[in-house]
Every structure is written in structure tokens, then in C-alpha cells.
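For the single chain, residues carry numbers from 1 onward in sequence order. Because the structure is a prediction, the values reported are computed rather than measured. As the structure lists them, so they are numbered: ligands from 1, and atoms in each ligand from 1.
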Amino acid sequence: MAHGSLASLLLLLAASAQGAAAFGGKSATGGRSVVPNSYILQVNASAPALTKRGVSVFEALDHTLAAVKQNGVKYTVRQRFDAIPEAFQAVSIQVEDGASMAELAQIPGVQRVWPVSLIPRPVEPTVSDFTPVSSSSSSTKSKRDTHTLEKRGTNFPPASAYLNDTFYPHVQTGIDVLHNKGILGQGVKIVVVDEGVDYTNPILGGCFGPGCQISFGYDFVGDNYTGTNAPVPDSDPFSSCSNHGTHTTGTVGALANEYGFSGAAPMATIGHYRVISCSGATTDEILVAALTRALQDNVNIVSMSLGSSVGWLDDSPVQIMASYLGSKGIHVVASVGNERNEGLFAADQPAASRIGTGVGGVDPTYLAAYYAYLIKRDPVPYISPTPFNLPNNYLLYFTSTNTSVTNDACNPLPSTTPNLANRVVVVQRGTCGFTVKQQNVAAAGGKIVLIYNSKGSGLIPQLDVGSTGLTAVGSLRYEDGLKLLSYYQSSPRGQSISFPNGPLAPYVSNTVSGGVVASYSNFGPTNELFIYPTLAAPGTDILSTVTGGVALMRGTSMAAPLVAGAYALLLSVGNNLKLSPEEARTILMSTSQPSPVAYGSETLDTVVSQGAGVINMTAAIAAHTVISPAQFNLNDTQYSNNTQTLTLRNNNRFPVSYQLSWVDSTGIVTYNDGATTDIIPSTTPNYVSTSVLRVAFSQRTVTVPGGQTVKVTAQFIPPNLTAQQRNQFPIYSGFVTITGQGQGAGAEQMEKYNLPFFGLGARMVDMPVLDTTNVALGPNLPFIAVGQNIQTGPTTFSESNPAVVYFRLAAGTRRLRVDLVDASTSYNATVPAVTNPASRLVKRSNTELTPRAAFPTLYSQVRTVGSLFAPSYWPPRDYLFNNGGTYSDYEIQLDGSFTFPNGTKGMAELGRSYKVLLRALKITADPTYTSSYESWLSPSFTFTA
Ligand SMILES: *[C@@H]1O[C@H](CO)[C@@H](O)[C@H](O)[C@H]1NC(C)=O
Ligand SMILES: *[C@@H]1O[C@H](CO)[C@@H](O)[C@H](O)[C@H]1NC(C)=O
Ligand SMILES: *[C@@H]1O[C@H](CO)[C@@H](O)[C@H](O)[C@H]1NC(C)=O
Ligand SMILES: *[C@@H]1O[C@H](CO)[C@@H](O)[C@H](O)[C@H]1NC(C)=O
Ligand SMILES: *[C@@H]1O[C@H](CO)[C@@H](O)[C@H](O)[C@H]1NC(C)=O
């Protein structure tokens, strides 16, 4: 019967059987894209089979590989992770078609198995009427010709070049104040893990190696790595084929330059590990290797602007390695992701961490703008990555002087339009895309365009001439558009304007969204209800270096390196290099400034959107009180942790009187219509006013002598919620506020701290795990289908044209099992066997008998024939948008093959009647009981050859 007893069970689209893609999404492995037939095996060096024989940790890996071979699995080794055995002892292997994760997991010495996962390239979030062009570089070549490698060294600007810092991300985060004190990251070693760096950019020092601004690094991938082919590593992290890594590196370490910006820690020792190539993704294997090297290179800080969905803490090889670095005193900082439209509980690795820092993005309070000069008028700032360098005078021209016109320049300009060749054409945003407006002006002979924001619109993005043929395009705030219009209208003989070179215009306020959490920044929390993001920093329209120049880019990718640089500043002061990651994070979190829910609003945004708020390094450096914990994860209504002990240590020489209070932030729901209707978390979750009722402190004021510690108890009284509110899974949150007033002469300085708290007004165990909707695939899930034919009753499947089991996870789960069971199995499944009872296709049968046997109550009592899919990791929730793609789903092929509980391969008997049993553990439930799982028992089927 069997064609090859090792037939693949886990269906990958690339190898899909005929009908398999009928309903298929982008990935057939759930919210995790994987490298086919590739697995990371974590070796348990203390397994009896190995310790009995007195095997060293190093030998254990080889023994395990030998056991893999003994089991008849042919493999090639991809990477060995044995450099730091106590951190993560593992090996990744490539196997032949058909070897399953369940099979590998049974091999003696194997502790856990993960498929090698793809980590997508970071994607810059878009603005509705604008697609950024800056994420890709115009260069197609990448690796430098090593023969031209110069070793001349960087010509470092003096420390005084960083005084008088007005760079807007620094002003927003208090980094400016530190720079003005000469705190520039001296003595701290930091590595950026990204897409490679163009260090030939003079702002990044022009060279690589000792004596250069980018002084160490490595390329783990080479130019052609896509995640699925072989990496070609070398010792040079140079890349010019994309901008992302050069941008993030500049945010940490750009040297003082003519534009008037700099990196956050330009005098730190800065390196770059290239982990993503010119196109395609990378893998968790590469990230683990990079983190291992960070440890060997003795770095203090790792900055990672990349990641992938995990939902959980401590679950993936990258998280395990990142936590190990944390335990060794290394501060790991990572971006939380740009998928806010995935809704709540969208935590990525490596940002989801108990010990590291996950950084969300906020919009800047000030903008990247240069001055345009007008005769006899005040200069007006225009938004652009670089000044136009057009020092001659041009006359202004408005395509419309009526500011209530909403479709300005959306159509070809009228024939009455004057010659635009020597004019600066001003257009209002609205109706059509920016490119259309630019094209219409270009078609009428215009060369220079300024587009001003429309009233009530979001932050206007930076613009690019693209292929419109224009010489220059800049954007203006609404108020500056109006200002130019009034100049224009009050100058009958024309108003001239010029755009000479010069540094950034300081303090150009973002009066639309300054300081508000960015429209793209991921929501937390993790499935354990651990805080996510940790904190936030400006990420939108950030000026930094790119290949051969500078550009504005947006995303949480831009916020993470700013925070990494901020850590370098903190660590470079006094004895702070000794601060543990938790201690340093506590200082940053407790001194962060919470963001409002909207610009100008008094209401604070939810903690699951901003964490502790926007870092304030002025306050962080000045903090003389050490507070722990830095956040209160109050958990859910079942496991509520509402009584918390707060420890305050007064590190001043004098007594300080502390006042404790609290402030609410907005509530937010997971399911707008309630989980019984929604099942899938809402992609635009509703803000609600679900506030904590009260925080009762054991003492509201407490005076602590210098150098002393005090403990205060805080009792959080959660809100009273109706059943309907609980059904929406609301998160309530806020901040405990502590102000300290020094006592005595010379101690008048106030200290102020904010500590975020949040809780879930529902039980995580009630969160729907199996998707039973038709939202993603059309038919209701789960189902089995051959091509378009969905099974609705007893059926015969052919092994040569396999049926496919389709399902999705609406929430993460700590145990997912797809098993083949005998058709007589009695199981009290939570989802009906037939989810699509349409008369279409196979006729529904009434002959399906419900067996009389009692339902097993224990997981272990359920007899299965064998396993079809049994991941040893905790799967995340499936994607809905998948970073611009579509939903993800699971597609498991039913070709008769399975893995016996002992790990050996089996084939279904022809003619015997089977069912598929799908089980997913509810989030906080006890895995030993069958009632802890959401489950689906399929209609019965038999196999024919
Ligand atoms: C600091 O920068 C501001 C704005 O660019 C400028 O007006 C001021 O003169 C500078 N001060 C010093 C001391 O350089
Ligand atoms: C990368 O691919 C290009 C085009 O296929 C090829 O010319 C080049 O040699 C490859 N480089 C490496 C290092 O394999
Ligand atoms: C919340 O409670 C669950 C169940 O006990 C636990 O697994 C989880 O770790 C808790 N979360 C936090 C942040 O303490
Ligand atoms: C940062 O903290 C300092 C010192 O506490 C304070 O003066 C300043 O206003 C804060 N900045 C912001 C942006 O909150
Ligand atoms: C309750 O919270 C405290 C501090 O926030 C934490 O240390 C403790 O582990 C939590 N307890 C449980 C049972 O999760």
C-alpha cells in the first residue's frame, strides 16, 4: 500500500499535493513560516541515556546525532550550537522528506524540537496615501570588493560636536540633556543585529575595524541568503543593498554631521552583525548564532530590530538564547513589531522577554525639517530628509488658494496655470495619493513641490520625487501651509522662497500626533499576561544614515536602537556598567513618561500599547530611587495577583518623603463584540473606559532615610465588570505614581516615577483557541477536504490523492495535537464534527453512531493510533494580516502515514475506519485533563491506496 513509508505529514505548499492549496493561506504551518525538513534539536545532556555513559556535554550532541542516524533518519548538519553548552546546546539538521517532528522528539537525548523558523525581513509600515521608498536601496551590489578595503580609520569629531543637541528623537527622550553633559556612551560596547551596514557612509566613520566608528562585526549570511539556502558568512558586515541596518546603526552611532543629528551613543564601541541578506528572510538559527557571538564578543548591549510572532515568553531558541544573555548581564533590546492590526496579544520574539526590553514606537514630538527662507518673513520649516540645497529665490505658486478644496491637484492642472519652471508649487494633501499630485505638477512643468497637510489628517509623511521627474518635494505641516498661503496672498508682486543648505530646524512641533503611540506599533501582552511592550521611543519619520546618505524611516525598528543607545548612555555613567538588565530596565521604565491615547488628550494610552511609556533619559540619569518591581502584571480574574509589594530604596544621602498615588489609563478590549461572537481578536480593538476601581497602599506617604529601603503594599481593586464586558476580554491598566521630595538643605529636588500595571478582566482559560469561523478560509474551520470537497460524513480517502486537515489557532496554546484515532473513539469534542453542514459535495450521513463508551477524563486515557502533528513548542495565534500578506493556517496531509507514540513510523490500514482528533490546550488550563482542551473529532474515513 505504502508509497515510501516516510511520506511527509506536514504539508508545505511547495510540496503540496494537487488539491492541497484549495483553501490554502500563505503558510501551512500556522503562524510560523518554516524551512522545509529542517529542525533544531535541543540536546538534553543530562538525559539518563547519556549521563549513564558519563558523556560530556560536548559529546552529548554527537551521541544524539548518532541516535538520529540509528533511528533511520538521514540528515545533514546545518549548524551546531555547542559553543556555550549551558546556554543552549543544540544542533540544527536537514532531514529527508517524511521525517517528522514527533519522530525526532522521541529520539533519546533530544529534549525539544523546533522546526527551523523563518524570521521575516522587517517591513516599513505604510501610510494610506503613501508608500515609503526608503526601505530598499538603489544599489544592487552589496559585498564590498575586499581589495579596496581601506584601513585609514575614522576621523572622529570631538565630543564637543555633540553639545547643543537639538535632534528631535533626543529632545523627546531627554538624550539631548545627556549629550550636552558629554555623556555619549563612552566605554560601553553595543552591537546592532540587522541587515548589514554601509560603514563607507562618512557619517558612520567611512571604514570598518579597530580605529573605525564601526569597529567590530560579522556577516552571518552573505548576499544571497534567503533563509532556505546555505548562508555564506564572512567577517565583514558591510551591505549596500538595503537601508534598514544602516539606518538602525546610525540611530545608535551616527557621528556629528552637517545635518545636525547624531546617534544616541556615538562614542560607544559599536559593531554590526549582518543576519539578513539582500532579499528574503533569515532564520532563528542565524539569530541564535549572532546572539552567541555577542556573548563571545563581550558586548554590553544587543539591539535587534526584527522578530516574528511567538505570543509566549521563553518558548523559542532565540528567546532562550536572549534570556541567557540577559542572565549574563547583557541588555537585549528588540523592537515589538509593526503589526498593530493583528490586535491584542501579538507578541514577537525576541522582544517578548522577562529580562530584555521590547520597544514600541511613538510618533515624534518634533519633526525632521529644514528651514525655507522667505524675504522679509520668518523662515518656514519643510519636512525632508535633507535640505533641498536650492539657494536661489523661487516664486511661490498655490494650485488652489481655497483651503477647503479636498482634491487639490488630483487632476491635470488647468491650462491657465502659469509657467511653473521657476516656481515652488504648493499643494494640499487629500483625496488622491501624493504621487498623483506630484505627477500633475510635473506634467505642468513644475520642478519643486511642497505638499501641506490637510486639516484633521494624520502626520504627513516625508515625500520622495520617485520617478515623477521633479527636482525636489517636501511636506509641510498644515499650519505652515496656511502661513505660506497668507504670505502668497498678501504679496501681489509675488512671494519668493529659497532652500539653502543648513542643519535641521530645531523644535518643529508635531501638532498632529506628537508623542502618541504609532499607528503600526504592536499590542501586547504576552499569553502569560506579562507586560509587552516594555516601553516606547520615537519610531516614526526618524532621520538616520542609509546606504550612501541619510533618510527618514518609520517603524518600531527605528525605536529599538534609540533605546539601545539610551542604555549605553545610562551604563556609561559612574558604576552603572555593573547594572543588571533588570536593574537598568527598572530605571528606564520607572522614569518613562506615559503617552496619551491621542494628541492633546488627558487620558493615558493603555499599558498594552506603550508599556511604561516613552523613555526619559534625563530622569533616568537623575533617578536616585531604585524601585522594584518596575511593573505590576496583575494577571487575570482567575489567577489575579492584586496584592503587590513595592520596594523603594532611597539612594540619596538625605531622607526623601515619597507620596504614592495612581492614575488610570484607558481600557481596551480584545474582542469588540465579545469572544462568543468574535473568536478571533479584533484587528482594531475598541478603547473602553474600564478603569481599576482603586489602588490601596499600605502607606500613601513614607519617608525613607538616605540609603535605606522600605516596602509598601499596593492592593489593586479591579473594576466591576458585567458579563458582556468580561466576554470582551478587557485589559484595564494604569500607572502607580511616586513623587519623592528630598528633606533638608540642598535636597529640594523632586523625583517622579511611574510604574505601569495592567490586568485582564476575564479568565485566560476562557479565551477561544480553535478558530471555528469562516473568516480566513471561506468554509467554517476545522475541516478535512480533498481539493474543494469538504468532508461532511464517512468518506474514503485515497493515499495517492491525500485529504488535508485544515485548522487555525485563534489564540496561542501550550499543547497542540493532531492525532489519528480509531473511528470508535469516544471523545466529547468541543467543536461539532461537521462544521460545514452544507449539502454540497459529499452527502451528509446519518449513520454516524455516537459510541456509548464513557468519555475519558484524563488526557492520558485517550487512545490514539498515532500522531499527525505534535509540535514540542507552544504555537502562537495564527496571523490575520501576516505583515501585509494574509492569514496563516495549518494544513496537515492525510496520506495514511503517522508517527506511533513510541516515535516509529506507521501506515494506516486500508479499509479500517479512522477519525482525526484535533486538540489545543486552553491557555492556563491543566494539560492532564481532556476538558482542558478545545477539540474537534472529524467524521470517519477509511483509506484506499
Ligand atoms: C544651539 O543651537 C541652537 C539651534 O540650532 C542655536 O540657536 C544656538 O545658537 C546654539 N547654541 C550654541 C551655544 O551653539
Ligand atoms: C549571489 O548570486 C549572484 C546572482 O545569482 C551570483 O552572481 C553571485 O556569485 C552569488 N554570490 C555568492 C557569494 O554566492
Ligand atoms: C498568570 O497566571 C498564570 C497561571 O497561573 C501563569 O502561568 C502566568 O505566568 C501568570 N502571569 C504572570 C505575568 O505572572
Ligand atoms: C524628563 O524628565 C525631566 C526630569 O525629571 C523633566 O524635567 C522633563 O520634563 C521630562 N521630559 C519629558 C519629555 O517628559
Ligand atoms: C505576582 O507579582 C509579583 C511581582 O509583580 C511576582 O514576583 C510574583 O511572581 C507574582 N505571583 C504570581 C503567582 O504570579
Side-chain angles (χ1 to χ4, degrees), residues 168-178 180-181 311-315 345 347 352-354 362 364-366 507 509-510 514-515 524-532 534-538 566 582 586-596 604 607-608 612-625 627-647 711-716 731 736-741 749-760 762-767 812-814 874 921-927 932:
Y168 56 99
H170 297 173
V171 173
Q172 187 169 353
T173 53
I175 289 172
D176 59 335
V177 174
L178 275 55
N180 295 346
K181 289 182 175 160
W312 303 94
L313 298 166
D314 309 324
D315 186 47
F345 294 94
S353 168
R354 281 181 213 279
V362 297
T365 47
Y366 302 105
Y507 310 118
S509 293
N510 169 7
T526 72
N527 293 330
E528 297 90 349
L529 291 172
F530 192 84
I531 193 169
Y532 185 95
T534 311
L535 42 68
E582 292 98 329
T586 296
I587 293 171
L588 256 60
M589 288 179 79
S590 62
T591 53
S592 286
Q593 183 62 39
S595 288
L604 298 178
V607 165
V608 298
V614 180
I615 57 163
N616 181 343
M617 296 312 293
T618 318
I621 294 286
H624 282 106
T625 304
I627 302 174
S628 77
Q631 85 270 325
F632 306 105
N633 302 307
L634 304 179
N635 222 319
D636 65 5
T637 53
Q638 185 177 11
Y639 297 103
S640 60
N641 195 357
N642 288 337
T643 307
Q644 297 270 343
T645 305
L646 186 59
T647 306
K711 285 188 192 300
V712 178
T713 307
Q715 176 77 37
F716 294 83
I731 298 275
V736 167
T737 60
I738 302 171
T739 48
Q741 177 67 64
Q749 202 189 323
M750 285 272 280
E751 298 181 31
K752 201 171 180 319
Y753 303 92
N754 301 294
L755 311 171
F757 66 81
F758 78 98
L760 177 71
R763 308 188 316 164
M764 283 304 281
V765 74
D766 296 329
M767 185 173 270
T813 178
R814 286 179 291 127
W874 302 348
L921 182 63
K922 292 191 267 186
I923 289 185
T924 51
D926 181 343
S932 297

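K922 and S932 share no side-chain donor-acceptor pair at under 3.5 Å.
For ligand 4, the atoms sitting less than 4.0 Å from at least one non-hydrogen atom of A619 are 2 (O), 5 (O), numbered in the order shown with element in parentheses. Counting atoms of ligand 5 from 1 in the listed order, those under 4.0 Å from a heavy atom of Q644 are 1 (C), 2 (O), 3 (C), 4 (C), 5 (O).
At least one donor-acceptor pair closer than 3.5 Å links the side chain of N616 to the backbone N or O of T618. In this structure, the side chain of Q638 does not engage the main chain of R763 through any donor-acceptor pair within 3.5 Å.
Considering both main-chain and side-chain atoms, N616 comes within under 3.5 Å of ligand 4 through a nitrogen or oxygen pair.
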Applying side-chain contact (heavy atoms from CB on, under 4.5 Å), run through T365 and N510 and close with a yes or a no. CA-CA 5 Å; T365 47; N510 169 7; 5.7 Å; no
Show the numbers, then the answer: is there a side-chain contact (heavy atoms from CB on, under 4.5 Å) between L646 and L755? CA-CA 10 Å; L646 186 59; L755 311 171; 3.6 Å; yes
side-chain contact (heavy atoms from CB on, under 4.5 Å) between M589 and T534, worked out: CA-CA 8 Å; M589 288 179 79; T534 311; 3.6 Å; yes
Pairwise, report which nitrogen or oxygen atoms of ligand 3 are under 3.5 angstrom from protein nitrogen or oxygen atoms, and how far apart they are.
residue: ligand 3; atom: 2 (O); partner: N635; partner atom: OD1; Å: 3.3
residue: ligand 3; atom: 2 (O); partner: N635; partner atom: ND2; Å: 2.4
residue: ligand 3; atom: 11 (N); partner: E528; partner atom: O; Å: 2.7
residue: ligand 3; atom: 11 (N); partner: N635; partner atom: ND2; Å: 2.9

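Side-chain contact between M764 and Y639 is absent, with no heavy-atom pair separated by less than 4.5 Å.
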